[in-house]
Each structure stands twice: as C-alpha cells, then as structure tokens.
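Below you'll find the structure, written out as structure tokens, and then a few comments.
Letters A, B, ... mirror the listed sequences (proteins, then strands); counts begin at 1. Values in this document were obtained by computation on a predicted structure and should not be read as measured data.
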Amino acid sequence: MASSDDNAPQTVPTTTTNTTTVTQRHQPLYPMEVSQDLFALIGGAPTVLIHKPSARPKPKPDDTQAAQWVWRGFTSSARNDDLVLYHWVKADEDPSDYHFAPFNQMIDVGEYTEVEYDLYLRDDDWTKAETAYLMDLCRQFDLRFVVVADRYEFPDKSRSMEDLKERYYSVQQKLLRGRHTAGPINDPGLQRDLAVYDYNKDREIERKSYLEVLYRRTRAQVQEEEALYIEARRLDQNEKRLTHERNALLRLLNAHETNLLLRQAGRKARRSGQPSNLAIGTGSAAHHLRLGGDVPAHLHLSSPLTGTIPPGSDDPGAAGLVDPAGLDSRDRQPPGAFIRSTRIAPVKISMSQKVLAYLDELNVPPRPVMATGPICAEFDRLQANILALLELKKHADKLEADVKQATARKAQLLGQDASATGH
Amino acid sequence: MVIYCGDEVSALVVDVGGSWIRAGYAGEDTPKVVVPSWVGSSEVTEDEASATTKTIRNSKADSQDPDVEMGDATASQSGSSSKDAAGGQGDVRVKNEPGTCRKYYIGDTQASTWRPNMDIKTPLEDGLVADWDIYENIWNYCFYNRLRVQPEENPLFVTEVAWNTPSLREKMVELAFEKFNCPAFYVSKDPVLTAFASGKPTGLVLDCGGTTTSAVAVFDGYVLKKGQTYQNIAGDFISEQILAQLKQDYQKEVVPRYRVAQKSAVGPGEPAKAVLRDRPNTAPSFDHRMQMQAIHEYKETVCQISETTFDLDALKVRPQKPYEFPDGYNLQVGVQRYQIPEILFQPDKFIVDKTREVRLNGKAVSLSANTGVNGTGSGNATAKPLGIPRMIYDCISACDTDVRPHLFSNIILTGGSTLFPGFVDRVNYELQGLAPGQRIKIQTPGNTAERKFGTWLGGSILSSLGSFHQLWISKQEYQDSGASIVNKKCQ
Ligand SMILES: Nc1ncnc2c1ncn2[C@@H]1O[C@H](COP(=O)(O)OP(=O)(O)OP(=O)(O)O)[C@@H](O)[C@H]1O
Ligand SMILES: [Mg+2]
C-alpha cells in the first residue's frame, strides 16, 4: 500500500520535466518579431511531446521503522455490553473507542410518558399497548414502514400500512401540539414542525388504488395503451404540421395585407399628419385576419414588415410577442458577429450565371468590395433590378418570338389568300 | 482498510444448505470448506466409535471440558423434546441402545465411501433443521477437522432460510453458546445475504438450490415475510424426475459408480456390459444417494431450459447430446433434456413421477389429474405447484405497491439450479408476459461460484464490516436474556 502511494506523485513530475527539456532544445520556437500571443493564434509550432519512460526511481533507503501491527481486543461504545472482539490494528492507534462506533445512529421516534398518553394520545381504535408496540417497531426498523407493516403482528388486529402511518404521524402531531405550551398555537415554528408529520390517509389509499389498477393491467391493455399513445403522438404532430403550414400561408397573406394597409395608412397619415393611425391600421388588420382563421393575434403581427410598426394598441396581449417562426429567414439575426455581405439576398442558381454576366457588363464585382450598409442595400437593389430586367427580357423575348411566329403565319395565310385570289 | 469499512475479527461463516455446506473465514471471497450436506450414518459399538473419534477429532485436544458442560446444559434445558434429552451427546456418537452409538461420516470422500449398512441422512427438511444431531456434527466437523479452529475464539456467523421458525433459531443460539462456546453469534437470512453479495439492499431473491426453491422479497436489508414462498421443486426434485424418466423412456436403471467394477464400450442405447461389484448390506438410502449423484452429473452436463415457451417441435430439432453413464450405458439425449427441467417452470404438466410429494410453503399440494381446471386456485385444497416465474410474480404482488417497481428491477437469481443454460432468459421472458409494462431487470452473478456460494459470500462480507460488530449477540447477552434474544437482535 505504501509503495503505490509513493509512486503515484513521482511519475507525474518526471514526465513534465521531460517535455520541458524538449521545448528548450528547439529554441527559439517562434520568430522574435512576432509577439508570442499572435504566434499562438496563427497556430504556432506543433508541440512535440516526447514521453521518455524514466527508470523507476531507486527506493530511498527508509530509515523509519515499519509500522507495527498488533492483534488487539476492542470494545465498542455502540454495544450495550462489553464484548471483546479481536482485530489487527496499528500499534500506535488510539484504543479509546472503536472506530466504527459513531456509525451507530438511531432514529429518534420520540418518547412519551404515561401521563402524556392519557392526556393527548387516547384513541378509540388504538390501545396504549398497541401504540407502544407500533412505536417500538418504528424504532427497531428505523421508520421503514414497509418492514414495520410486514412484521406487524399484534394480537387480534390486522393493520394496513396506511393505518400504521396514520397513527404514527398523528401521535407525533398530537405530542407536538400538547407539549407546545409556550406561545400561541399558530406559532409558525410549530406549524412548520407539524407539517412534517402531515399525513392524508385517504389520499394515500386512493393513490395506491390507482397504482394497483396500473399494476393489474393485462398484456392486451398495455399494448392498447401503447398503441393509443403512439396514435396520440402522431395526431399531435400532424396538428403541429398543419398549424405550421397554415401560419406560413397566413403570414404570406398578412404580409400582403399589411403592405396594403401600410400604404393606405401612410397615405392617410400624410394627409392628416397623425402617425397614430398606423397602430389602428395594424390592429384592424389583425382583426380582419382573425376572421379568416383562429390563429393567435401575435402571429398576424409577426410579418416581416411589422417589425417597423408599433404593436397594435387594442391588442395588448400581442405587444412584444413576436413569433420567431414568423420572421423571414433574412430578418433573423444570426448569433454573434457576421459579415454584412453574406446577408445579400442570394440569387437563384439557375439565374446566377446571367446575373454575374450582367454585373460584369456593368463593371460591378460579383460581391461588393466594401460592404457598407448603403452599398449592400444598393447592391441588393441592383441585383433585384437585374433579376427583374432579366425576367422582363425573357418575357419580351418570348413575346417577340410569338409575334414573329404570328407574323410568319399571317404572311403565310396572306400568301395563300393572295394565291387563292390570284387563281 | 478503513475506506472499505472492513474490519476483520476472524469470524467464521457457516452456510448449511440443502445440498452443500459452505464454511470459511469472514472476509474471504470463497468458502474454505465445501462439502455435501448429506452425511453417512451407521451404528457402531462403543469402543469402535471411541477408536475412530480419536482420529477424527485429534485436533481438539482440550475438548473434554466444554463437552462435559454441554452435557449438563442439554439436561438442564429439558424443555426441548425427549429425543434431545436422550441424545445428551458430548461427542460425535449418539447413544441409541446400550453398547451402540451412531457415527457420522461427513465430507465427500467419507460419506460416499461404501460401508455396509451405512445410511445417508441430511440435517435439513425444507430448509429447516430437522436433525440437530447431524447439524451439530457438521459444525463440529467444519471447525475441528477442516478449518481447524477453536470456535471458542471466533465469532460465528450462520445463515438460515427466510422461513426459519423462532424456536429453531433459539436452538441454534443454544448450540453455538452452550456446545461450542462461541464468544459471539449472529444468524442472518439467506436472501438478505444473497442480495448483499450482489450489492443490493432491495430486491427479489429467487434461490433455486438443491432442495428448495424460494422467492423472497428483501427491502433495505430486511426480509419481507408476507409473500415469501418456497417449494421443494429444485435440483434434487429434478434429479428424481430424471431417474423416473430414464426408467420410463429407456427402461434404464441407473447404476451408481460404486457398484461398477469395470465397464466396456457399447453402442448408444445398447444394454450396458459392465462387471458389477458385490455390495451386500447396502442401505437403500446410500444406493439412492449414489444414483442421485450420477443423475446430478447427467443433469448438469446435458440438461437445458427452453429460452422461450416450451415448444416440443422446435426443441426436437435442436442438437442431441451424447452422455455416458457410469456403467458404460450411453445415449443421445434429445428433447428429453429439455423436458424435465421444464418442471421448474410448468410443474403441473411435466412431472413424470407423480407419486413424489410436492410441498408449497411446507404444505403438500395435489398433483392429481384434476388440477389445471381452475386457474386461479381460490381454495387451498386446490393449491397447485408453482412455476418459478409465478413464484416471483406472486411474491412481488404481495408487497406494497410502492416497493414493486424496485423489486422488479432487482430480481436476483441464485442457487445451483439456476445454472441450467437458458434459465435466466426464460425467467426474463416469462416475467415480461406476467407483468407487462414493468421494467424487469434480472441481476445474476456472472460466475458460477458466486451463484453457488452467494449466500456464504454475503455472510462473509457482512461479518467483516466494521459497523457490523455492534450487532453480534455476545455470550454475555445470551446469558442475561436467554436464547430468545436471537429473535430480537437478528431480524
Ligand atoms: N451447472 C448446473 N446445472 C444445473 N444444476 C446444477 C448445476 N450445478 C449445480 N446444480 C444443482 O444445484 C443444486 C445445488 O445448488 P445449491 O448449492 O445452491 O444448493 P444449496 O444451497 O445447498 O441448497 P438449498 O438452497 O436448497 O438449501 C444441486 O441440485 C445441483 O445438482
Ligand atoms: Mg442455498
């Protein structure tokens, strides 16, 4: 035992000294002109960890005496008699009391006198002797009521665990109340003490009867229950999906309507010079939409545009509640710092080639070089315009082709006609 | 040392089971002494006996004084039966008639050596001590002949079955203090110790040993008496049934090894060609015990338990196992090797020899044909033998609802007969069916030694704990309060 104790702390230092010698040999490890911290950030030099197995340190000649062990008798204060048992102990160990005697802890279940019993504890159902028997068992089994109920054998009585618990706890409460002579009965300290011994027998019996029913289920019942549970989960998930879809739909609608309302309100405000109309406008938008589907109002307010509008004054519950699901992915703040240029609206892959080509034509780089706010916004607008332009061009091309085809056909038809009339 | 809370006081731990006796020092992980608990017993004349006892008890040089004291003690506490008074023994011998006395042969080699007219006896019946004379001699043998210790110097820790009666426990304390002069004594229940050896204070212990199978709930180190069941369908019962099955299916009478002088090879299923020894005056109990030994070997080699519901057709296609009996007779064992152990799970269907008595909780149950009609067996007249999963389930159901989940998740299987391959799987499978929706977890020691010695091991651990030493019944306490103190102190 002693040797392993000696070894453990010694092997650790030897390893560390080995590694440090290696690092010293490769000096300097970082270029002198770069600060050490920066160098570490760049990555630094790979650490070389060489563990050289060191030879076991020679055991130092130990001039202390080997511990003496003696076969000695002992008594324990945990016992009521003076039984002497023998064991091996170190000769210098203190023989005053047995090492394990303090582990002998007893639960104090309380004592009462005859007088106290007559004063407070009388009960029609319980005799004095039976109460004493119960308290004895509680003491003996350290209040393990499962065991107490199992071993309870009082002549001509059969008691359930609930009976026993009720009696025990009521005895404790009555004693506490009876002994509490100083101070009022509603003293908080006393009430706290009493609460420890609160026991509701009826509720306990009810609880156990439920457990019993649960325990007695047959295999078929358990299976049915499991199947039902799975079915319920499935329904639940379905519903979630439906609400999610409907919300997405409503959001679209909402965005559209709010846009409209906003424009109206803006126009009105411009006319009357009262910005408060905005709030009424959104409120009515929410009301309006609620007719369409019974989705909580805050969902309506969560369109991308409502971020700029003060929350509806007639809908206090909605204030400050913005459903994260209602936010456009662009409006959602990514956590931490981010690069602004990454927030530029992405272009559809099928279109990106054409957009890039157009940008190139305009001598604009594919990404803003200096991505300040205005530049990004401008770039976004440009990109959107290009897209619109391309879209229009495509449309125009198509129309042109149609026209061409139509004229060709017309010419053909006219030609036929001409030839026909020519005949 | 202190970290493990261990403190050895050189206690002795003795576990006398239905088929094996295990004895050794507390704090060790296997018993020093493992001998069969069946002993040879024959009547000898006085001087013959004294000649042999000297050799047996040579290590006990100063044994005279306590012995004399013992004789007095037995005479004074004459409350016990007259049989004990008659057996006022101070030695291995028991006076029967003038001039003769009983001599016991204990230990594997001693008891299985053929001697004319030597009977084989066991001290226990349904796990309860029925023959104190043998019981005492077993202790004697363990202490003086095998462990070679002086019991006066060592605290003694003994195991008992959960259903041991108060009066038998009192007798045991008397034996320890009056006859063996132990300084301290403690007796603890098998299931508690088994649970302890598996590191569980709470659990359901199913012990399927040699003579009894028992299911007992343990809560926080205390046995819960309500609901405990025990039944005599265990290893020995299975072996008896195999004997009957061999007779019925193969017309084979098992010839024990002691009768075979020489054997010669024969084909499978052919009658044995063996030269038998002439052993006149063999006691029937000796011959039977030797037959059982042969069967035990057969059983432990080939028998197996179906992992799921017993399905004859599925088991028929499983590989056969060859086995050769001591006289050279050999056979390929097919589905038969599954049929008999199945008794442990479906006793009412698979018992071959229905004349054997089955006792449930010490009372005989009927095996007649009309069983199996009413499943729930309301009256005690129609009590049926129980399969092991039933025993477990019934025992747990008898406990408080709040404790049940703990018991289900700590089912401890122990005892030699749980070593049948497939046993643990089958118990698990059946319990899933009986208690659906419960989390069932079966804890079994992986190695065979721990399953055979689980009880002893628990005793060994417990009695070497520092905090245990306050629990011993000391000799002084015994003298002050009498033998009944055991029922107070050893709960
Ligand atoms: N590998 C095995 N397969 C099947 N059975 C076995 C095996 N090993 C031992 N047994 C059986 O186990 C029984 C002995 O078990 P154990 O040692 O647990 O009994 P015990 O504790 O002395 O008896 P009990 O618990 O009934 O008082 C014997 O009947 C023996 O045939
Ligand atoms: Mg056993």
Exercise. Taking everything shown except F154(A) itself, do over 12 heavy atoms lie less than 6.0 Å from its CZ?
Worked result: yes

For this session: Run the numbers on V9(B) and Y86(A) for side chain to side chain contact (heavy atoms under 4.5 Å, CB included), then give the verdict.
Result: CA-CA 5 Å; V9(B) 295; Y86(A) 292 84; over 6 Å; no

Problem set entry | Region of S160(A) that comes under 4.5 Å of a non-hydrogen atom in chain B | neither

Exercise. What part of Y393(B) is in contact with chain A, defined as an atom under 4.5 angstrom from a non-hydrogen atom: side chain, backbone, both or neither?
Worked result: both

Exercise. Does any non-hydrogen side-chain atom of P436(B) lie less than 4.5 Å from one of Q223(A)?
Worked result: no

Exercise. Is the count of non-hydrogen atoms from other residues, nucleotides or ligands lying under 6.0 Å from Q479(B) atom CD greater than 12?
Worked result: yes

Seminar exercise, completed: Bottom line for E8(B): the part with an atom under 4.5 Å from chain A's heavy atoms is backbone

For this session: Taking the side chain as every heavy atom from C-beta outward, state whether F408(B) and Y215(A) have any atom pair closer than 4.5 Å.
Result: yes

Exercise. Considering only heavy atoms, which portion of V222(A) lies under 4.5 Å from any heavy atom of chain B: side chain, backbone, both, or neither?
Worked result: side chain

Problem set entry | Polar side-chain atom of K225(B) near backbone of V147(A) as donor-acceptor pair, under 3.5 Å | no

Exercise. Considering residues, nucleotides and ligands other than K157(A), do more than 12 of their heavy atoms fall under 6.0 Å from its NZ?
Worked result: yes

Seminar exercise, completed: Turns out that what part of D220(B) lies under 4.5 Å from chain A's heavy atoms comes down to both

Problem set entry | Side-chain donor-acceptor pair present, D150(A), Y222(B), cut-off under 3.5 Å | no

Seminar exercise, completed: Looking only at R219(A), H87(A), R144(A), E226(A), the option with the highest number of non-hydrogen pairs under 4.5 Å against chain B is R144(A)

Exercise. For E231(A), does the CD atom sit with more than 12 other heavy atoms under 6.0 Å from it, leaving out its own atoms?
Worked result: yes

Exercise. Between S397(B), P405(B), G433(B), which residue shows the highest count of heavy-atom pairs closer than 4.5 Å to chain A?
Worked result: S397(B)

Seminar exercise, completed: Cut-off 4.5 Å, heavy atoms of chain B, and the answer for N80(A) is neither

Problem set entry | Proximity breakdown for V403(B) and chain A, heavy-atom pairs closer than 4.5 Å | side chain

Exercise. Within a strict 4.5 Å, meaning less than it, do heavy atoms of the W71(A) and S10(B) side chains meet?
Worked result: yes

For this session: Evaluate the criterion salt bridge (charged side-chain N to carboxylate O under 4.0 Å, His left out) for residue pair K488(B) and D136(A); output intermediate values, then yes/no.
Result: CA-CA 12 Å; K488(B) 222 175 288 154; D136(A) 264 353; over 6 Å; no

Seminar exercise, completed: If one checks every heavy atom of Q491(B) against chain A at 4.5 Å, the contacting part turns out to be both

For this session: Start with the C-alpha gap between L224(B) and R151(A), add the side-chain angles, then the distance that decides, and say whether side chain to side chain contact (heavy atoms under 4.5 Å, CB included) holds.
Result: CA-CA 8 Å; L224(B) 297 184; R151(A) 304 291 171 89; 6.0 Å; no

Exercise. Given the rule in the salt bridge (charged side-chain N to carboxylate O under 4.0 Å, His left out) test, do R404(B) and E212(A) qualify, once you have shown the distances and angles that lead to the verdict?
Worked result: CA-CA 10 Å; R404(B) 287 177 197 161; E212(A) 189 67 32; 3.1 Å; yes

Problem set entry | Minimum-distance pair of heavy atoms, taken over all atoms of F100(A) and G466(B) | CD1-CA, 3.4 Å

Exercise. Does the side chain of M161(A) come within less than 4.5 Å of D400(B)'s, by heavy atoms?
Worked result: yes

Exercise. Under 4.0 Å between a Lys/Arg side-chain N and an Asp/Glu carboxylate O for K475(B) and D81(A)?
Worked result: no

Exercise. Any idea which of K208(A), R217(A), Q140(A), R216(A) has the most non-hydrogen atom pairs under 4.5 angstrom with chain B?
Worked result: K208(A)

Problem set entry | Distance in Å, L83(A) CG paired with W472(B) CH2, rounded so as to fall on 0.5 Å steps | 9.5 Å

Problem set entry | L85(A) CG to H469(B) NE2 distance, which is reported to the nearest 0.5 Å | 6.5 Å

Problem set entry | Greater than 12 external heavy atoms within 6.0 Å of K441(B)'s NZ | no

Exercise. Considering only heavy atoms, which portion of L434(B) lies under 4.5 Å from any heavy atom of chain A: side chain, backbone, both, or neither?
Worked result: neither

